[in-house]
Undergrad: 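Below are the structure tokens for one structure; questions will follow.
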Amino acid sequence: MGNTGGSLATRSTGELHQFMRAAGFTGMDETEASAEGWQVTDFADAGQHSLAQLVRDTPAIMVSFHDSDVGFLEAVTPDGSSWEGLLNREMAESYEIPLEHFPVEPAVAGALAWSAAAGLTPDEEAVRQALTGSALFAEELFAALLVALGLPGATER
């Protein structure tokens with residue numbers, strides 16, 4: 001895959017690309033619409049605070065990929081609650097990314113709280129598996145995480 005951009009999932013009633021551009025995202029691909037207003041879009045780059053700027057009245061989750069090998073997760077709710085995580089920990093270790101900066105239990109707890117704030121029904125064990133599992137491409141783990149969080153219409157790649 002070779003992707004060094006990222007993916008964003010959020011619930012939006014408006015034109016998502018317009019909101020993303022205003023928040024500092026660039027190089028957006030076509031948006032995939034899911035059920036209940038959820039949308040997923042791949043992007044080339046995002047500013048340091050792009051996710052926080054985008055979130056106004058709906059939760060959003062974003063992953064930034066490092067060569068499709070590792071995914072850096074960031075999620076925010078409109079009340080300002082946030083969590084961070086890491087995808088493909090085994091591969092991250094080979095890049096000498098300090099795993100202790102991305103503890104699993106706070107990420108699982110944050111993901112479950114984020115899902116509840118989004119009005120979704122998560123699968124805790126599947127969330128944990130996505131956050132601790134290994135895959136050839138980090139994009140596969142992000143897709144699995146979206147399913148685990150209960151995102152309507154999400155499918156594993």
Undergrad: To the nearest 0.5 Å, what is the distance between CE on M20 and CG on L51?
TA: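 Taking CE in M20 and CG in L51, the distance rounds to 9.5 Å.
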Undergrad: Show the nearest heavy-atom pair for residues V55 and P78, with the distance to one decimal.
TA: CG1-N, 3.7 Å
Undergrad: For residues V104 and W114: do they belong to one hydrophobic cluster (side chain heavy atoms under 4.5 Å, members Ile, Leu, Val, Met, Phe, Trp, Tyr)?
TA: yes
Undergrad: Can you find a heavy atom in the side chain of V108 that is under 4.5 Å from one in the side chain of L131?
TA: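 Yes - at least one pair of side-chain heavy atoms lies under 4.5 Å apart.
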Undergrad: Please round to the nearest 0.5 Å and tell me the distance separating atom CD of E84 and atom CG of L73.
TA: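 The CD atom of E84 sits 9.0 Å away from the CG atom of L73.
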Undergrad: To the closest 0.5 Å, what do you measure between CE (M28) and OG1 (T41)?
TA: 8.0 Å
Undergrad: With distance as the sole test, does Q39 use its side chain to make a donor-acceptor pair with the main-chain N or O of A9 at under 3.5 Å?
TA: no
Undergrad: Should I97 and F102 count as side-chain neighbours, where that means a heavy-atom distance under 4.5 Å?
TA: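 Yes, at least one pair of side-chain atoms sits under 4.5 Å.
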Undergrad: Of all heavy-atom pairs between A144 and A130, which one has the smallest distance, and what is that distance?
TA: C-CB, 4.3 Å
Undergrad: With rounding to the nearest 0.5 Å, note down the distance linking CG in L16 to CD in E32.
TA: 12.0 Å
Undergrad: Counting C-beta onward and ignoring hydrogens, is there a side-chain heavy-atom pair between L145 and V127 closer than 4.5 Å?
TA: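 They are in side-chain contact.
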Undergrad: Would you say the ring centroid of F72 lies under 6.0 angstrom from that of H66?
TA: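 Not under 6.0 Å, so no.
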Undergrad: Specify the closest pair of heavy atoms between G71 and V63, including all atoms of both residues, with the distance to one decimal.
TA: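 In terms of heavy atoms, the two residues are closest at CA-CG2, 3.6 Å.
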Undergrad: Do S7 and D42 have a side chain donor and acceptor closer than 3.5 Å?
TA: yes
Undergrad: Between the side chains of E139 and S68, is a donor N or O closer than 3.5 angstrom to an acceptor N or O?
TA: yes
Undergrad: Quick one: pull up CE in M62 and CG in L8 and give me the separation to the nearest 0.5 Å.
TA: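 That separation rounds to 7.5 Å.
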Undergrad: Could you pull out the closest heavy-atom pair between V70 and A138, with the gap in Å?
TA: C-CB, 3.7 Å
Undergrad: Work out which heavy atom in L141 is nearest to a heavy atom in A135; give both atom names and the distance.
TA: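 Closest pair (atom of L141, atom of A135, distance): CG-CB, 3.8 Å.
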Undergrad: Please tell me if the side chains of L146 and W38 come closer than 4.5 Å, counting only heavy atoms from C-beta onward.
TA: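 Not in contact.
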Undergrad: So, using ring-ring contact (aromatic ring centres under 6.0 Å, His included) as the criterion, who are the partners of F19 when residues are at least two apart?
TA: none
Undergrad: Is there a side-chain contact between S134 and N88 in this structure, where contact means two heavy atoms from C-beta onward sitting under 4.5 Å apart?
TA: yes
Undergrad: Looking at residues at least two apart in the chain, or sitting in another chain, which of them share a salt bridge (Lys or Arg N to Asp or Glu O under 4.0 Å) with E105?
TA: R128
Undergrad: Decide yes or no for Y95 and D67: does some side-chain heavy atom of the first lie under 4.5 Å from some side-chain heavy atom of the second?
TA: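 Result yes, sub-4.5 Å side-chain heavy-atom pair found.
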Undergrad: With clusters defined by side-chain heavy atoms of hydrophobic residues (ILVMFWY) lying less than 4.5 Å apart, directly or transitively, does L86 cluster with L112?
TA: no
Undergrad: Could you pull out the closest heavy-atom pair between F25 and S50, with the gap in Å?
TA: CE1-CB, 3.5 Å
Undergrad: Got E15 and R21 here, is their nearest side-chain heavy-atom distance under 4.5 Å?
TA: yes
Undergrad: How would you list, by chain and number, every residue that makes a salt bridge (Lys or Arg N to Asp or Glu O under 4.0 Å) with E93, sequence neighbours excluded?
TA: none
Undergrad: Does some side-chain heavy atom of F142 sit less than 4.5 Å from a side-chain heavy atom of I61?
TA: yes
